[in-house]
There are 2 protein chains.
Amino acid sequence: MGNRKRIVEMCLDLMNEEGSRAVGTSRIADELGISPGNLYYHFKNREEIVMVIYEDLDADFRAALVEDVHAPISPERFAGFFLRTLQVAWEYRFFFGGMLHLLRRDEELAARYAGLQAWAIDTIEGILTQLIKDRSLTRPKAKTGLRSMAINLWIVWSNWIRFIQVSDPSGEVRRDHLIQGVGQLLDILAPYLDPSFEKAGRRVLTRELKKFAEEAADPAS
Amino acid sequence: MGNRKRIVEMCLDLMNEEGSRAVGTSRIADELGISPGNLYYHFKNREEIVMVIYEDLDADFRAALVEDVHAPISPERFAGFFLRTLQVAWEYRFFFGGMLHLLRRDEELAARYAGLQAWAIDTIEGILTQLIKDRSLTRPKAKTGLRSMAINLWIVWSNWIRFIQVSDPSGEVRRDHLIQGVGQLLDILAPYLDPSFEKAGRRVLTRELKKFAEEAADPAS
DNA sequence: GTCTATACGCCGATAGAC
DNA sequence: GTCTATCGGCGTATAGAC
């Protein structure tokens, strides 16, 4: 039973490292020291492995976004939404990096991801609505403003990792980049946020950055 | 002399249509009715074709962003920046769609695109600074606010087409989607924009949308 | 400049023994 | 469940004739 899981995990690791395109079934088998035949005993084809990984991504992201949702939303929890979900984007970065190609070759995957995207934007809009109820956010003037904001958050969210990777092709992506991404997301909302709410949110980020710096300095992690 | 150019154009068309990964040298030659050997007479390898296309993209984008820059910036020209540059993103959409993979396999391309990105963000920041001088934009409170805004604009800009493609996998991307994208970019700046400036900018978009609707209704285009 | 022909390697996938 | 062996296809790229 173990090999099925090992295949999935190796596939995820390799694809995150080198991009989905660079990783084939033979490569996965090689790296695990198993035979191609064995791999094809566990999976019908390559697509199926990716689909299994996608299902994890889908579930992880939804969980990260709806976790801890009881109203009112505190600044700490709000920053937490962003940081947790960016963490998910990082864990499955191969998918966001090569998304278009993956979706083009697998209609079912395309439909499912389109569904996730639509759900995410709706959910983000819901969170913003809750913030307005909490008086932590002022409503934008235009009636479509909330949705537009949600879309911008989603686009920045789902492309932040790629942006970092492209900015410095030879550099690695670190946790502080993720925290910086949260700051970036917060900046979209900043003009509408209650000042003390915003300040508290930023404080969480500063704290996280400090924690990261300490961990980086102390290799006993 | 003609074939070299035809190869580049066919490559761009095919890749835009089906994604860079789906288009090989043999496919390009086939589609043009020329031989693979002929293609390799004109280009050292596949990478070289992509690089030639990239050079056009690079030049087109820079031109679109620095065109018509004399101060002060009118709302019409400002909307024009966005619309023109999104048009460029559309014309080279294969590149933005498969960017990460392309850059991973070609270090020179990666370096050049990183340079373009850095230049773009600086230039956008410069435009925002000019808007502040013009009193069309109020300066954000945080000192890093302008740069963050420029980065968010860039991320939404460079990923808008993909967002549309993924939102409706079976649908085509139309000009009105691009105009909607400009609205999306404008929404990032909206809270900082002078109200009459913003209104004038939006009016340009409405006019463009109307023009598009008329052209779509009248097939004599 | 353009063609035909072809080499080479890789990858996805299957057959069939153990 | 796992292996060995292998097939077929495709994509890049080259050699050499015209």
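Naming convention: chains lettered A, B, ... in sequence-line order (proteins, then strands); numbering from 1 in each chain. The analysis underlying the following values was restricted to heavy atoms, covering all of them including side chains, and did not include hydrogens, waters or symmetry mates.
Closest to the side chain of B:S26, out of D:dG11, D:dC3, C:dC3, is D:dG11.
C:dA13 atom P lies 9 Å from atom CD1 of A:I49, rounded to whole Å. The separation between A:N45 atom CG and C:dT14 atom P is 8 Å, rounded to whole Å. At whole-Å resolution of the value, CD in A:E31 and C1' in C:dC11 are 16 Å apart. Rounded to whole Å, atom P of C:dT14 lies 12 Å from atom CG of A:L39. In this structure, A:R46 atom CZ and C:dT14 atom P are separated by 15 Å, rounded to whole Å. Look at OH on A:Y40: it is 11 Å from P on C:dC11, rounded to the nearest Å. B:E47 has its CD atom 17 Å from the P atom of D:dG11, to the nearest Å. Atom CZ in B:F43 sits roughly 15 Å away from atom P in D:dT14 (whole-Å rounding).
Note on B:N38: a side-chain N or O is less than 4.0 Å away from OP1 or OP2 of C:dC3. Taking 4.0 angstrom as the limit, A:S35 places none of its side-chain polar atoms (N or O) nearer than this to OP1 or OP2 of D:dT4. Side-chain N/O atoms of A:T25 include none lying less than 4.0 angstrom from OP1 or OP2 on C:dC11. Contact between the side-chain N/O atoms of B:N3 and the OP1/OP2 oxygens of C:dT2 is found at a separation under 4.0 Å.
In terms of position along DNA chain D, the nucleotide closest to A:Y41 lies nearer the 5' end than the nucleotide closest to the other residue of the pair A:Y41 and A:R21.
For A:E208 and A:K211, the salt-bridge test passes: some basic side-chain N is under 4.0 Å from an acidic carboxylate O.
The aromatic rings of B:F61 and B:W157 sit tilted relative to each other, their planes meeting at an angle between 30° and 60°.
Inter-residue side-chain proximity for A:V52 and A:R4 is flagged as met; some heavy-atom pair is nearer than 4.5 Å. Using a 4.5 Å heavy-atom threshold, the side chains of A:L102 and A:F94 count as touching.
Contact detail for A:L131 and A:I73: the closest heavy-atom pair is CD2-CB, 4.0 Å.
Contact annotation for A:G37: base contact, defined as any heavy-atom pair under 4.0 Å involving a base atom.
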